[in-house]
Participant: 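Quick one: the structure is below, and I'll ask about it shortly.
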Protein chains: 2
Amino acid sequence: MLSQAAEDYLKSIYKLQEKGGKVSTGVLAEFLNVKPASVTGMIKKLKSMKLIKYERYHGVTLTNAGKAIALEVIRHHRLLELYLFKALGMPWDGVHDEAEKLEHVISEDMEERMDAYLGYPTSDPHGSPIPDKNGVVPKTASIPMTSLQDGQSCVVAEVNDSDSALLRHLGSFNLYPGTRFRVIEVAPFEGPFTIDVAGQQAVIGREVAKHIFVDDIHDT
Amino acid sequence: MLSQAAEDYLKSIYKLQEKGGKVSTGVLAEFLNVKPASVTGMIKKLKSMKLIKYERYHGVTLTNAGKAIALEVIRHHRLLELYLFKALGMPWDGVHDEAEKLEHVISEDMEERMDAYLGYPTSDPHGSPIPDKNGVVPKTASIPMTSLQDGQSCVVAEVNDSDSALLRHLGSFNLYPGTRFRVIEVAPFEGPFTIDVAGQQAVIGREVAKHIFVDDIHDT
DNA sequence: TGTAAAATTTAGTTATGCCTAAATATTTTT
DNA sequence: AAAAATATTTAGGCATAACTAAATTTTACA
């Protein structure tokens, strides 16, 4: 059985790989909040298990076996987030931390039962896609909020799930996946976004907007 | 934060203490499936944390702090068992193993939400009492099935939760907590019990009967 | 009571996964 | 292309929690 630490490495590699960019020792270390020297050690281990490919100074790549494990952990995480949200009524800014611990521990059986209870969902409370049992990730073609222009209307597709303060902030504006809003004004010089959500005005800073992805854009 | 291993030691000490008898290094080792030398190490650690009292060759006792942790872990375990059983429909012979892993990992918040969902229950699917938030354990005055006599009728109160084969066996006779049955005959010389459960006859061996506790006994 | 048996502890190892500090390799800059 | 900056690895430690084998302590029995 794979250690929790190893699972976290694979999950992180997958996510960093998704974002584009080379997954170097240093990047991984930063992402996982460990020191580069520690990453070197785990890289050796994962390589010897044939879960990753690695060449010095050229970054890491998941093998198919490694990717399968990464996707299974991510599936666990997102199913758990949605389950905790829907079945236990946990707030959307609380489910990430809980899922982060549970994801390494639940059985296949529990995974399947949650999946069935939820009706085989394809996205979690933050809009992130839930890979299916075969590791197939639903397509999500969304665009960063930062690329919106004055007057455009759109629907929140996905937000970063790991920053609970950010999530509470967005929640205070009722900005959840599925919520439609309209850009009233984008302040010049990389300024904040003034938007209209269901008749209410809200100001969203650039840094926050970077973590919001949107869909279904209309010019109005 | 306390390690999972330490939590398991405290939980085991509590359970062994309940059963009566001195909780010696060797007994603990056997119960936890580790070697006595390993127990010595953990005993030192737990003693230094003031979670147990210990004197060589005289066994271990929980301090109040240690008992509180033990009861919290047991509470988690039993709430989880009942939750998995009721909310996710897991079979009663499957919930123990799942709960065994989850019990160390769930938050107070999740504990409270499960508790509320279940309506603040006082026993798990195997009839074991669920300690409340303050560590108060509901009274359960039940008697081992092995002390029953011919013709007595009673209700299953509690069964050992950790042996899934045993649980499946009992399930095949519909022998769950709350089920009433009548002893038709106790075979002599420590023989098996022939019982009547809802009109069906079943033969329960002594070894199995030792793991069944009953209540509400009537002579018929 | 002395000796054998049983229980427990000590000493030394192992594996995991992290750390720091120092060494080395690569890339970038000048 | 050499020097400087950056990235990565090596070497040596630490903590946890298990193990084995050997020593020691306690208990039990003859």
Side-chain angles (χ1 to χ4, degrees), chain A residues 1-17 19-62 66 69-70 73 100-101 103-105, chain B residues 1-17 19-62 66 69-70 73 100-101 103-105:
Chain A
M1 221 240 121
L2 208 57
S3 68
Q4 289 198 188
E7 288 184 352
D8 276 334
Y9 274 81
L10 294 172
K11 183 177 70 162
S12 301
I13 292 165
Y14 179 86
K15 287 186 173 181
L16 292 168
Q17 216 168 250
K19 276 203 231 169
K22 188 166 59 176
V23 183
S24 63
T25 305
V27 165
L28 245 184
E30 160 115 62
F31 192 79
L32 282 160
N33 264 299
V34 297
K35 297 290 176 263
S38 307
V39 173
T40 299
M42 185 60 89
I43 280 177
K44 279 184 182 169
K45 185 180 170 177
L46 294 174
K47 191 181 179 185
S48 81
M49 291 170 153
K50 310 220 183 196
L51 297 173
I52 60 172
K53 293 204 167 118
Y54 180 64
E55 277 178 289
R56 307 159 79 101
Y57 293 86
H58 288 281
V60 190
T61 316
L62 293 173
I69 293 170
V73 176
E100 199 72 11
K101 296 175 297 175
E103 65 187 8
H104 304 291
V105 156
Chain B
M1 222 241 123
L2 209 57
S3 70
Q4 289 197 188
E7 288 184 351
D8 277 333
Y9 274 81
L10 294 173
K11 182 176 69 161
S12 301
I13 293 165
Y14 179 86
K15 287 186 174 181
L16 292 168
Q17 216 168 249
K19 277 203 229 166
K22 188 167 56 177
V23 183
S24 64
T25 304
V27 165
L28 245 184
E30 160 115 64
F31 191 79
L32 282 161
N33 264 301
V34 297
K35 298 289 175 270
S38 308
V39 173
T40 299
M42 184 61 89
I43 281 178
K44 280 185 183 168
K45 185 180 172 178
L46 294 175
K47 191 181 179 184
S48 81
M49 292 170 151
K50 310 221 180 190
L51 298 173
I52 59 172
K53 292 204 167 118
Y54 180 64
E55 275 178 290
R56 309 158 79 97
Y57 292 88
H58 288 280
V60 190
T61 316
L62 293 174
I69 293 171
V73 177
E100 199 71 11
K101 297 175 296 174
E103 66 188 7
H104 304 291
V105 157

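So you know, we letter chains A, B, ... as the sequences are listed, proteins then strands, and number each from 1.
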Participant: Side-chain donor-acceptor pairs under 3.5 Å in residues 34-43 of chain A, sequence neighbours left out?
Facilitator:
from: A:T40; atom 1: OG1; to: A:P36; atom 2: O; distance (Å): 3.4

Participant: Mind checking A:T40 for me? I need base, sugar-phosphate or nothing, with any heavy atom below 4.0 Å counting as a touch.
Facilitator: base
Participant: How many Å lie between CD on B:Q4 and C1' on C:dG17, as a whole number?
Facilitator: 16 Å
Participant: Roughly how far apart are A:K15 NZ and A:K19 NZ, rounded to 0.5 Å?
Facilitator: 9.0 Å
Participant: Output the rounded distance in Å from NZ (B:K44) to C1' (D:dA18).
Facilitator: 15 Å
Participant: Side chains of A:K101 and A:Q4: does their closest heavy-atom pair fall under 4.5 Å?
Facilitator: no
Participant: May I have the distance from B:K45 (atom NZ) to C:dT10 (atom P), rounded to whole angstrom?
Facilitator: 17 Å
Participant: From CD of A:E30 over to P of D:dT8, roughly how many Å is that when rounded to an integer?
Facilitator: 12 Å
Participant: In this structure, how many angstroms lie between the C1' atom of C:dT16 and the CD1 atom of A:I43, rounded?
Facilitator: 17 Å
Participant: Could you tell me the separation between the NE2 atom of B:H104 and the P atom of D:dA17, rounded to a whole number of Å?
Facilitator: 12 Å
Participant: Say you draw a straight line from NE2 of A:H104 to CG of A:L2; how long is it, rounded to the nearest 0.5 Å?
Facilitator: 10.0 Å
Participant: For nucleotides 18-29 of chain C, read 5' to 3', which letter fits each nucleotide if B means a protein heavy atom sits under 4.0 Å from the base, S means only the sugar-phosphate is that close, and - means neither?
Facilitator: SBB----BS---
Participant: Using a heavy-atom cut-off of 4.0 Å across all strands, would you classify A:G26 as base, sugar-phosphate, or nothing?
Facilitator: sugar-phosphate
Participant: Look up atom CD1 in B:I52 and atom OH in B:Y9, then write down how far apart they are to the nearest 0.5 Å.
Facilitator: 10.0 Å
Participant: So which heavy atom on B:V23 is nearest to which on B:I13, and how close?
Facilitator: CG2-O, 4.1 Å
Participant: With a 4.0 Å cut-off on heavy atoms, is B:S3 in touch with a base, just the backbone sugar-phosphate, or nothing at all?
Facilitator: sugar-phosphate
Participant: Just how far, in rounded Å, is C1' of C:dG17 from CG of A:L10?
Facilitator: 15 Å
Participant: To the nearest Å, give me how far apart CG (B:L28) and P (C:dT8) are.
Facilitator: 10 Å
Participant: Does anything in residues 47-60 of chain B pair up under side chain to side chain donor-acceptor pair (under 3.5 Å), and if so which pairs, sequence neighbours excluded?
Facilitator: B:T25-B:Y54
